[in-house]
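Report on the structure given below.
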Number of protein chains: 2
Amino acid sequence: MVELLSKVSIRVNEKVYLKDPESSELGRKIVTRSIDLIDEMGFESFTFRKLGMEIGSTEASIYRYFESKHRLLLYLTSWYWGWMEYRLVFTLANIPSARERLRLAIGLLTDQVTEDSDFSHINEVKLSRIVIAESSKAYLTREVDQENKEGAFLGYKKLVARISTIIMEINPDFRYPHMLVSTVIEGANHQRYFADHLPRLTNVIEGEDSIAEFYKQMVFNTINP
Amino acid sequence: MVELLSKVSIRVNEKVYLKDPESSELGRKIVTRSIDLIDEMGFESFTFRKLGMEIGSTEASIYRYFESKHRLLLYLTSWYWGWMEYRLVFTLANIPSARERLRLAIGLLTDQVTEDSDFSHINEVKLSRIVIAESSKAYLTREVDQENKEGAFLGYKKLVARISTIIMEINPDFRYPHMLVSTVIEGANHQRYFADHLPRLTNVIEGEDSIAEFYKQMVFNTINP
DNA sequence: TACAAAAGATAGTAATACTATCACACATGA
DNA sequence: TCATGTGTGATAGTATTACTATCTTTTGTA
């Protein structure tokens with residue numbers, strides 16, 4: 001899989017960038033180092049000026065790739081959902097049982113990302129931390145409707161749709177598949193954040209992945225009581 | 001209840017403000033009008049300068065009440081969770097059945113707030129929209145640990161703890177009560193936002209409150225399969 | 001070698017999120 | 001009645017941010 005992946009790149013909707021960052025050395029550096037910086041200092045403190053200094057370039061050059069730092073965040077989150085869908089397709093290939101496919105899918109969405117797959121210039125461990133702490137800010141803005149029209153959230157929606165399909169295979173009468181899947185994705189991210197910062201809002205049990213465990217229980221009991 | 005409430009005020013942890021906004025006319029105006037403005041223009045575009053102009057005062061005067069606009073957001077969200085807990089206690093009083101209490105609690109958390117209770121200078125309908133669209137930003141910052149230490153999130157944690165207790169009454173073996181409750185609260189808010197802006201991430205069925213319905217199903221099936 | 005496209009260098013702007021200082025109105029209490 | 005202090009208003013100032021504009025230099029390629 002790693003070999004195959006090394007020949008593949010995740011496509012991000014072209015509306016979120018001005019110039020494809022995959023198309024040049026500078027573009028890839030912008031992406032790689034922005035992930036480092038946002039992970040270190042948080043999205044609020046991150047600026048194109050700081051990034052420029054880090055990569056030995058300038059603000060102006062970065063603006064040729066991304067219209068704003070918000071668009072860069074859209075790029076990073078879109079890439080992440082694209083990557084997730086990619087992993088999902090491979091993970092579920094040739095598994096006949098729908099229940100087993102759903103189990104694997106929930107695992108993928110809720111397990112902690114602990115290994116950098118190393119098939120790109122993107123560090124997925126750091127990126128997953130960014131998604132946990134910052135991805136809500138990608139859509140909680142006044143520009144959400146416009147950006148949605150432009151397709152900025154297609155990757156997320158495709159992922160949700162794909163898993164909803166599995167749920168409908170298991171129980172065609174279940175009325176809220178999209179709601180359930182997006183609850184799991186957002187929920188798992190929030191619970192990981194709570195575990196680190198607001199532990200009284202969650203239940204982390206030493207030595208087990210409670211979050212993955214909880215959401216598996218929740219999904220199966222909800223769709224097939 | 002309305003009469004009783006008119007004599008009561010929601011207490012917010014005093015660390016989030018410099019001077020209690022309930023203690024003066026100006027303070028109450030700051031809170032009332034900031035809710036209007038944030039609801040209208042979003043938290044990003046909202047500034048103390050604009051608020052000052054709205055209430056015929058100045059930036060400097062507002063800064064005497066709140067250290068920053070972020071602290072004001074903490075105040076508003078804390079007030080909201082305090083108000084929720086208050087309503088919860090009244091709603092659940094004298095209901096012997098734990099299952100019925102849980103049902104009512106989930107309803108309170110997930111139903112849309114459509115009426116301004118009119119017992120304070122705070123418009124709860126607008127505030128609930130702010131909570132839906134902006135409250136994640138109250139804790140998704142690098143200052144979360146410090147602010148948590150100061151007690152900025154106590155209201156939220158108390159509410160979660162209170163509902164968790166009911167769950168434990170129903171099923172003492174359930175291992176993730178806090179996780180379930182915070183998943184419901186955050187989930188319901190996100191789903192309302194999705195319904196308005198990213199409808200393919202949810203399932204809104206015309207003429208019924210799908211969100212409340214879904215989370216009730218989810219909770220009961222999860223704790224008592 | 002010629003030429004365009006990409007990147008770098010530099011400068012500038014309006015707005016933001018504060019901070020600092022001073023003046024003044026007004027209520028209280030001695 | 002005067003002194004005092006508190007709360008508020010008015011004004012100004014700062015560092016930083018999120019861009020934009022323009023010009024020059026480098027680099028790949030035909």
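Below, chains carry the letters A, B, ... as their sequence lines are ordered, and counting in each starts from 1. The basis for the numbers below is simple: all heavy atoms, side chains too, and nothing from hydrogens, waters or symmetry mates.
For the salt bridge (charged side-chain N to carboxylate O under 4.0 Å, His left out) test, no residue two or more places apart in sequence or in another chain qualifies with B:Lys19. Listed by chain and residue number, B:Glu134 satisfy the side chain to side chain contact (heavy atoms under 4.5 Å, CB included) test with A:Arg142 (two or more places apart in sequence, or in another chain). With sequence neighbours left out, the side chain to side chain contact (heavy atoms under 4.5 Å, CB included) criterion links A:Thr58 to A:Ala60, A:Ser61. Remark: B:Leu88 pairs with B:Leu92, B:Ala105, B:Leu108, B:Leu159, B:Arg162, B:Ile163 by the side chain to side chain contact (heavy atoms under 4.5 Å, CB included) rule, at least two apart or across chains. A:Ala152 is linked by a side chain to side chain contact (heavy atoms under 4.5 Å, CB included) to A:Val16, A:Leu74, A:Glu147, counting only residues two or more places apart in sequence or in another chain. With sequence neighbours left out, A:Tyr215 forms a side chain to side chain donor-acceptor pair (under 3.5 Å) with B:Thr183.
Per the geometry, NE2 belonging to A:His70 stands 11 Å off P belonging to D:dC19, to the nearest Å. Rounded to whole Å, the distance from CZ on B:Phe46 to P on C:dC18 is 11 Å. When rounded to the nearest whole Å, the span between CG of B:Asp20 and P of D:dG7 equals 12 Å. Rounding to whole angstrom units, CG of residue B:Leu51 and C1' of C:dC18 are separated by 15 Å. Across the protein-nucleic acid pair, B:Met53 atom CE and C:dT16 atom C1' stand 15 Å apart, rounded to whole Å. Atom CG of B:Leu18 and atom P of D:dT8 are 13 Å apart (whole Å). The distance from atom CZ of A:Arg49 to atom P of D:dT17 is 8 Å, rounded to the nearest whole Å. The separation between B:Leu72 atom CG and C:dA17 atom P is 12 Å, rounded to whole Å.
Of the candidates C:dA17, C:dG8, D:dT17, the closest approach to any side-chain atom of A:Lys50 belongs to D:dT17. When distances run from any side-chain atom of B:Ser57 to the nucleotides D:dG9, D:dT8, D:dT17, the shortest one goes to D:dG9. In this structure, the nucleotide among D:dT8, C:dA7, C:dA17 sitting nearest to the side chain of B:Lys19 is D:dT8.
Taken to the nearest 0.5 Å, the NZ atom of A:Lys15 stands 13.0 Å off from the OG atom of A:Ser78. Taking CZ from A:Phe214 and NE2 from B:His178, the interatomic distance works out to 12.5 Å, rounded to the nearest 0.5 Å. Rounded to the nearest 0.5 Å, atoms CZ (A:Arg33) and CD1 (A:Ile30) are 12.5 Å apart. Here A:Ile62 contributes atom CD1 and A:Leu72 contributes atom CG; the two are 9.0 Å apart, rounded to the nearest 0.5 Å. B:Trp79 contributes atom CH2, which lies 7.5 Å from atom CD1 of B:Ile35 (distance to the nearest 0.5 angstrom).
Residue B:Gly56 is the one, among B:Gly56 and A:Phe48, whose nearest nucleotide of DNA chain D lies closer to the 5' end (criterion: closest heavy atom).
Here B:Ser68 does not reach the OP1 or OP2 of C:dA17: none of its side-chain N or O atoms lies under 4.0 Å away. Look at B:Tyr65 and you'll find a side-chain N or O under 4.0 angstrom from OP1 or OP2 of D:dT8. Note on B:Thr58: every side-chain N or O is 4.0 Å or more away from OP1 and OP2 of D:dA10.
Aromatic rings of B:Tyr139 and A:Phe194 (six-membered ring for Trp) have centroids within the 6.0 Å cut-off, being under it.
Classification of the B:Tyr80-B:Trp83 ring pair by plane angle, with boundaries at 30° and 60°, yields tilted.
End-to-end axis angle for the helix from C:dT1-D:dA30 to C:dA30-D:dT1, using five pairs per end and rounding to 10°, comes out at 10°.
Residues of residues 22-44 of chain B having a heavy atom closer than 4.0 Å to DNA chain C: none are found. Taken residue by residue, residues 139-149 of chain B places no heavy atom nearer than 4.0 Å to DNA chain C.
Evaluation of the salt bridge (charged side-chain N to carboxylate O under 4.0 Å, His left out) test over residues 38-53 of chain A, restricted to residues two or more places apart or in two chains, returns A:Asp39-A:Arg129, A:Glu44-A:Lys137, A:Arg49-A:Glu59.
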Completion exercise
The contact string for nucleotides 20-28 of chain D, one letter per nucleotide 5' to 3', using protein heavy atoms under 4.0 Å with B, S and - for base, sugar-phosphate only and none, comes out as BBB------
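Across all strands, B:Ser61 comes closer than 4.0 Å to base atoms (heavy-atom distances).
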Donor-acceptor contacts, no H, no angles, side chain residues 195-202 of chain A, under 3.5 Å, sequence neighbours left out:
{"from": "A:His197", "atom 1": "ND1", "to": "B:Asp145", "atom 2": "OD1", "distance (Å)": "2.8"}
{"from": "A:His197", "atom 1": "ND1", "to": "B:Asp145", "atom 2": "OD2", "distance (Å)": "3.3"}
{"from": "A:Thr202", "atom 1": "OG1", "to": "A:Gln191", "atom 2": "OE1", "distance (Å)": "2.7"}

